[in-house]
Undergrad: 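Can you keep this structure in mind? I'll have questions shortly.
The model shown is predicted, which means the values in this text are computed figures rather than measured ones. First listed ligand is number 1; within each ligand, the first listed atom is number 1. FYI, side chains are in, hydrogens and waters are out, and symmetry mates aren't considered; it's all heavy atoms of this structure.
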Amino acid sequence: MTNQQNVVVFDLKPRGVRHVLPPSSLPVAKPLSPQDIKMLLMKRFETEKAGAKINAWVDSMRASSPTRIKSTASLPETEEKSSWIVHHPSALSMFEQIVAASKGKQIVMFLDYDGTLSPIVEDPDQAFMPREMRAALRDVARYFPTAIVTGRCRDKVYSFVKLAGLYYAGSHGMDIKGPSKSCKYKKGNQGVLFQPASEFLPMIDEVYKALVEKTKSIPGAKVENNKFCVSVHFRCVDEKSWAALAEQVRSVLNEYPKLKLTQGRLVLEIRPTIKWDKGRALEFLLEALGYANSNDVLPVYIGDDRTDEDAFKVLRDRGQGFGILVSKVPKETDAFYSLQEPSEVKEFLRRLVDWKKLSQQAP
Ligand SMILES: O=P(O)(O)OC[C@H]1O[C@H](O[C@H]2O[C@H](CO)[C@@H](O)[C@H](O)[C@H]2O)[C@H](O)[C@@H](O)[C@@H]1O
């Protein structure tokens with residue numbers, strides 16, 4: 001609050017960006033009532049709170065996904081990496097131990113899409129899966145029940161993967177469908193298995209349109225409708241405009257208390273506040289496959305993103321199976337093992353198929 005020549009001007013901007021009007025441009029104001037003062041103070045409080053929220057969002061937008069481990073002064077980057085690898089060894093170098101743990105158990109494969117099966121690219125519509133990866137995936141699905149668990153719209157990811165013998169869990173697991181062609185693991189229902197957020201469809205549609213409108217003036221921003229959630233991409237947005245983008249997203253989200261914001265790789269994700277995520281989808285799929293309370297299963301989940309951590313945590317908490325994080329750099333993770341990039345994921349899938357073929361031939 002600035003007091004000049006009997007004129008009271010409330011500075012409603014967040015601290016740090018104060019402007020004081022020159023005396024000549026000041027309006028002649030009536031004295032303020034206690035009610036007015038209370039209201040203005042409340043507004044200022046709200047504005048400051050919003051400013052702090054945007055700053056926190058932008059900080060989080062700067063962090064990688066999952067959060068990269070910060071270098072400590074005592075540990076040079078190379079040592080930090082070797083120490084991380086000791087705790088999260090390569091799933092390729094640990095391959096024999098992984099398959100040994102599957103003795104007498106059914107391996108079930110869960111795979112994230114972007115950054116795991118397809119390399120990260122600037123345009124989300126061009127994230128095609130390489131042909132060799134499709135071949136490896138098709139073979140894996142012949143030998144093991146296999147599910148794609150993704151933040152994407154289920155139909156969209158199917159248009160990239162184009163394999164009918166798999167389970168697909170789109171919209172971060174909020175849209176689950178069984179294999180559309182005959183498959184030895186398929187149980188009963190072949191169609192949609194579960195859509196826990198179906199009541200949110202009209203709301204998500206509305207929010208998608210509002211976000212397209214609100215972000216159209218920010219160069220590089222791209223809004224993607226993922227059916228039960230919406231992605232706002234900022235990979236191609238200049239960092240100087242991240243706060244402006246976050247502010248637009250916040251202004252839309254403010255109108256929808258039943259939606260929440262999470263974050264992936266250079267993407268803000270808006271989704272229903274229901275207690276459902278990739279971890280719950282993994283549990284649901286294990287149950288659908290008949291392994292709800294079974295010790296005869298070894299689930300393996302491979303993913304690269306912060307949203308995959310929910311699934312890694314479920315596996316840790318169950319004490320069953322392994323999470324494998326795809327990352328070249330040390331990150332905070334609940335995964336047991338690591339792979340550096342999608343080409344290593346392909347190699348891992350191939351080795352799994354070769355091992356299975358060999359073990360079936362053994363007398
Ligand atoms: O769960 P996922 O399969 O990993 O999906 C998460 C998001 O993936 C996509 O965005 C990411 O990949 C894009 C293409 O490589 C990249 O441009 C973007 O920066 C990444 O965040 C997808 O477009 C999003 O809708 C998904 O939520």
Undergrad: Considering non-hydrogen atoms of the protein only, which is the closest contact for atom 16 (C) of ligand 1, and what is the distance?
TA: Val121 O, 3.3 Å
Undergrad: What part of Asn226 sits under 4.0 Å from ligand 1 if we count only heavy atoms: the side chain, the backbone, both or neither?
TA: side chain
Undergrad: Crowded around Lys260 NZ? As in, over 12 foreign heavy atoms under 6.0 Å?
TA: yes
Undergrad: Starting from atom 19 (O) of ligand 1, which protein heavy atom do you reach first, and at what distance in Å?
TA: Arg235 NE, 2.6 Å
Undergrad: For atom 1 (O) of ligand 1, which protein heavy atom lies nearest, and how many Å away is it?
TA: Lys278 NZ, 2.6 Å
Undergrad: Tell me: protein heavy atom nearest atom 2 (P) of ligand 1, and distance?
TA: Asp112 OD1, 2.9 Å
Undergrad: How far is atom 22 (C) of ligand 1 from the closest protein heavy atom, and which atom is that?
TA: Glu224 OE1, 3.4 Å
Undergrad: Looking at Asp112 and Lys278, is there a salt bridge between them, counting it only when a charged N and a carboxylate O are closer than 4.0 Å?
TA: yes
Undergrad: So, is the end of the Arg154 side chain (NZ or CZ) under 6.0 Å from the ring centre of Tyr168 and within 45° of the ring's axis?
TA: no
Undergrad: With atom 7 (C) of ligand 1 as the reference point, say which of Gln263, Glu269, His172 has the nearest heavy atom.
TA: Glu269
Undergrad: Can you sort out which atoms of ligand 1 are near Thr150, meaning under 4.0 Å from one of its heavy atoms?
TA: 1 (O), 2 (P), 3 (O), 5 (O)
Undergrad: Give the atoms of ligand 1, by number and element, whose distance to some non-hydrogen atom of Glu122 is under 4.0 Å.
TA: 17 (O)
Undergrad: Just to confirm my output: which protein heavy-atom neighbour is closest to atom 20 (C) of ligand 1, and how far is it?
TA: Arg265 O, 3.3 Å
Undergrad: Which of the numbered atoms in ligand 1 are below 4.0 angstrom from a heavy atom of Tyr113?
TA: 3 (O)
Undergrad: Suppose we measure from atom 10 (O) of ligand 1 to each protein heavy atom; which comes out shortest, and what is that distance?
TA: His233 CE1, 3.4 Å
Undergrad: Is there a side-chain contact between Asn226 and Lys156 (heavy atoms, below 4.5 Å)?
TA: no
Undergrad: Does Arg152 count as lying over the ring of Tyr113, i.e. NZ or CZ under 6.0 Å from the six-ring centre, within 45 degrees of the axis?
TA: no
Undergrad: Aromatic rings Trp355 and Phe144: how do their planes relate, parallel, tilted or perpendicular, breaks at 30° and 60°?
TA: parallel
Undergrad: Run Ser60 and Gln263 through side-chain hydrogen bond (donor to acceptor under 3.5 Å, both in side chains) and show every step you take.
TA: CA-CA 8 Å; Ser60 159; Gln263 226 178 292; 2.5 Å; yes
Undergrad: Does CD belonging to Gln97 count more than 12 external heavy atoms closer than 6.0 Å?
TA: yes
Undergrad: Is any N or O atom of Ile120, backbone or side chain, closer than 3.5 Å to an N or O atom of ligand 1?
TA: no
Undergrad: Report the part of Val267 in contact with ligand 1, treating N, CA, C, O as backbone and CB onward as side chain, heavy atoms under 4.0 Å; options are side chain, backbone, both, neither.
TA: side chain
Undergrad: Among Tyr301, Phe336, Phe322, Tyr337, whose ring-ring contact (aromatic ring centres under 6.0 Å, His included) with Phe312 holds?
TA: Tyr301
Undergrad: List the closest protein heavy-atom neighbour of atom 12 (O) of ligand 1: residue, atom name, distance to the nearest 0.1 Å.
TA: Asp114 OD1, 3.4 Å
Undergrad: Is atom CZ of Phe128 surrounded by more than 12 heavy atoms (other residues, nucleotides or ligands) closer than 6.0 Å?
TA: yes
